[in-house]
2 protein chains.
Amino acid sequence: MKEARDIFFNYVKVKNLRYTRQREKIVEAFLRADRHITAEELYSNLKKVDPEIGSATVHRTLKLMGECGLLDEIKVGSGKTRYELKYKREHHDHLICINCGRLIEVRDDKIERLQDKLARANDFVPKWHRLEIYGLCTKCR
Amino acid sequence: MKEARDIFFNYVKVKNLRYTRQREKIVEAFLRADRHITAEELYSNLKKVDPEIGSATVHRTLKLMGECGLLDEIKVGSGKTRYELKYKREHHDHLICINCGRLIEVRDDKIERLQDKLARANDFVPKWHRLEIYGLCTKCR
DNA sequence: ATTGATAATGATATTTTATATCAATAATAC
DNA sequence: GTATTATTGATATAAAATATCATTATCAAT
Ligand SMILES: [Zn+2]
Ligand SMILES: [Zn+2]
Ligand SMILES: [Zn+2]
Ligand SMILES: [Zn+2]
């Protein structure tokens with residue numbers, strides 16, 4: 001994911017921030033990581049290889065990645081924030097298994113359109129939304 | 001909202017818990033309060049009249065009200081949990097103004113049905129969902 | 001390459017919301 | 001009334017994220 005990396009370091013340059021090896025490692029680890037990763041998981045992944053990286057820096061870098069549109073925060077259930085790559089990926093919603101925690105990505109254009117319509121019918125300008133359906137996945141049924 | 005109160009104290013009785021004046025006051029204050037109230041707001045409402053009520057008890061009582069189906073927790077944005085009466089109210093979703101924080105309650109049966117269909121198409125048994133549309137309300141546009 | 005200005009880092013402290021602890025108190029059954 | 005035990009409220013703790021701050025690293029200008 002070369003481009004995504006570039007988006008980040010471009011943003012860093014434009015904002016007159018600095019290119020650091022920590023940022024580089026964090027961004028690359030994020031791009032390699034499983035989708036829907038937490039800051040803590042990403043931190044512990046990095047820590048294995050690079051014991052000198054601090055968790056505060058991981059949080060700070062994730063925030064920067066959010067600012068430049070690389071990722072989305074998702075807060076499912078009542079746990080920690082999860083982060084998922086947004087760049088060049090379509091918007092989607094999530095089915096969340098209440099037994100095993102599995103996240104299934106789904107998208108229904110009809111629902112998307114109806115949501116917009118619903119908002120506008122209420123004199124409301126929709127900017128983004130979050131739809132999470134909780135239930136049981138195949139394995140946990 | 002006499003019945004709602006009864007639901008609660010019935011639950012208390014069935015679980016061999018006790019009828020206390022704190023619980024009575026908290027439940028009644030909740031039923032009188034604005035929709036989508038936080039524990040802290042409810043606590044401060046109560047505190048004005050009843051300085052001897054503790055916030056831990058407010059939290060505990062809200063949790064009990066949740067257990068017996070009287071209320072729903074809603075976690076909008078990244079703030080505190082809000083609580084809303086569920087008993088004898090239809091399920092609904094929320095439009096949330098990103099400028100003033102206003103919550104608008106909405107419901108679209110077509111969306112509800114499509115969500116169920118979407119879940120089942122993914123071999124998933126939906127139990128409940130959460131749909132929040134963030135944007136700008138009339139006043140804030 | 002050296003230097004100076006200042007952004008970034010990481011250890012730690014703090015914040016925020018919710019929950020756990022625990023001695024004192026109050027509710028219920030007998 | 002008494003015994004039993006759930007409840008309370010003050011306080012401590014937990015959990016996640018953010019703020020603080022001395023030290024270090026980056027980078028542009030020389
Ligand atoms: Zn599952
Ligand atoms: Zn996703
Ligand atoms: Zn508004
Ligand atoms: Zn509502």
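Order of the sequence lines fixes the chain letters, A, B, ..., with proteins taken first and strands second; residue numbering starts at 1 for each chain.
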**Q** Would you call B/R82 and B/E41 a salt bridge, using N to O less than 4.0 angstrom?
**A** yes
**Q** For A/K63, answer base if it contacts any base atom (sugar-phosphate contacts may also be present), sugar-phosphate if it contacts only those atoms, and nothing otherwise; contact means non-hydrogen atoms under 4.0 Å.
**A** sugar-phosphate
**Q** Can you confirm whether B/K117 sits close enough to A/K110 that some side-chain heavy atom of one is under 4.5 Å from a side-chain heavy atom of the other?
**A** no
**Q** For the helix from C/dA1-D/dT30 to C/dC30-D/dG1, how many degrees between its two end axes (five pairs per end), to the nearest 10°?
**A** 30°
**Q** Assign each of A/Y43 and B/H59 to its nearest nucleotide of DNA chain C by heavy atoms, then name whichever residue's nucleotide is nearer the 5' end.
**A**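 Result of the comparison: A/Y43.
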**Q** Could you check how far NZ of A/K15 sits from P of C/dT6, rounded to whole Å?
**A**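 To the nearest whole Å, that distance equals 18 Å.
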**Q** Could you check whether any side-chain heavy atom of A/H91 comes within less than 4.5 Å of a side-chain heavy atom of A/H129, counting everything from C-beta outward?
**A** yes
**Q** Are side-chain heavy atoms of A/R89 and A/R35 found at a separation under 4.5 Å?
**A**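 Answer yes - side chains close enough.
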**Q** Calculate the interatomic distance between A/K80 atom NZ and C/dT16 atom C1'; express it in whole Å.
**A**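 It is 17 Å, rounded to the nearest whole Å.
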**Q** Using nucleotides 7-9 of chain C, report all nitrogen or oxygen pairs with the protein that are shorter than 3.5 Å.
**A**
unit_1 : atom_1 : unit_2 : atom_2 : d
C/dA7  : O4'    : A/R18  : NE     : 3.3
C/dA7  : O4'    : A/R18  : NH1    : 3.3
C/dA8  : OP1    : A/R18  : N      : 3.0
C/dA8  : OP1    : A/R23  : NH1    : 2.5
C/dA8  : OP1    : A/R23  : NH2    : 3.1
C/dT9  : OP1    : A/T20  : OG1    : 2.8
C/dT9  : O3'    : A/Q22  : NE2    : 3.0

**Q** Going 5' to 3' along DNA chain D, which nucleotides are the first and last within contact of chain A (any atom under 4.0 Å from a heavy atom)?
**A**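 In short, chain A contacts DNA chain D from D/dA16 to D/dC27.
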**Q** Give one of base, sugar-phosphate or nothing for A/S55, where a contact means two heavy atoms less than 4.0 Å apart.
**A**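 If one applies the 4.0 Å heavy-atom cut-off, A/S55 turns out to touch nothing in the nucleic acid.
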**Q** May I ask you to test the B/E105-B/H36 pair for a side-chain heavy-atom distance under 4.5 Å?
**A**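 A side-chain contact under 4.5 Å exists here.
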**Q** Which residues pass the side-chain contact (heavy atoms from CB on, under 4.5 Å) test with B/Y134, sequence neighbours left out?
**A**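 Partners of B/Y134 by the side-chain contact (heavy atoms from CB on, under 4.5 Å) criterion, ordered by chain and then number, come out as A/W128, A/R130, B/V76, B/I96, B/I98, B/E132.
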**Q** Between side-chain atoms of residues 61-71 of chain A and protein atoms elsewhere (two or more places apart, or another chain), which donor-acceptor pairs fall under 3.5 Å?
**A**
unit_1 : atom_1 : unit_2 : atom_2 : d
A/T61  : OG1    : A/T57  : O      : 2.8
A/E67  : OE1    : A/Y11  : OH     : 2.6

**Q** For B/K75, is there an ion pair with B/E73 - N to carboxylate O distance below 4.0 angstrom?
**A** yes
**Q** Charged N to carboxylate O under 4.0 angstrom, B/D109 versus B/R113?
**A**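 Salt bridge flag = no for B/R113 with B/D109.
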**Q** List, one per line, each side-chain donor-acceptor pair under 3.5 Å for residues 25-34 of chain B, sequence neighbours excluded.
**A**
unit_1 : atom_1 : unit_2 : atom_2 : d
B/K25  : NZ     : B/D50  : OD1    : 3.1
B/K25  : NZ     : B/D50  : OD2    : 3.2
B/E28  : OE2    : B/R5   : NH1    : 2.7

**Q** Tell me which nucleotide among C/dA20, C/dA18, C/dA11 gets nearest to the side chain of B/T81.
**A** C/dA18
**Q** Is any side-chain heavy atom of A/D93 closer than 4.5 Å to a side-chain heavy atom of A/I133?
**A**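 A side-chain contact under 4.5 Å is absent here.
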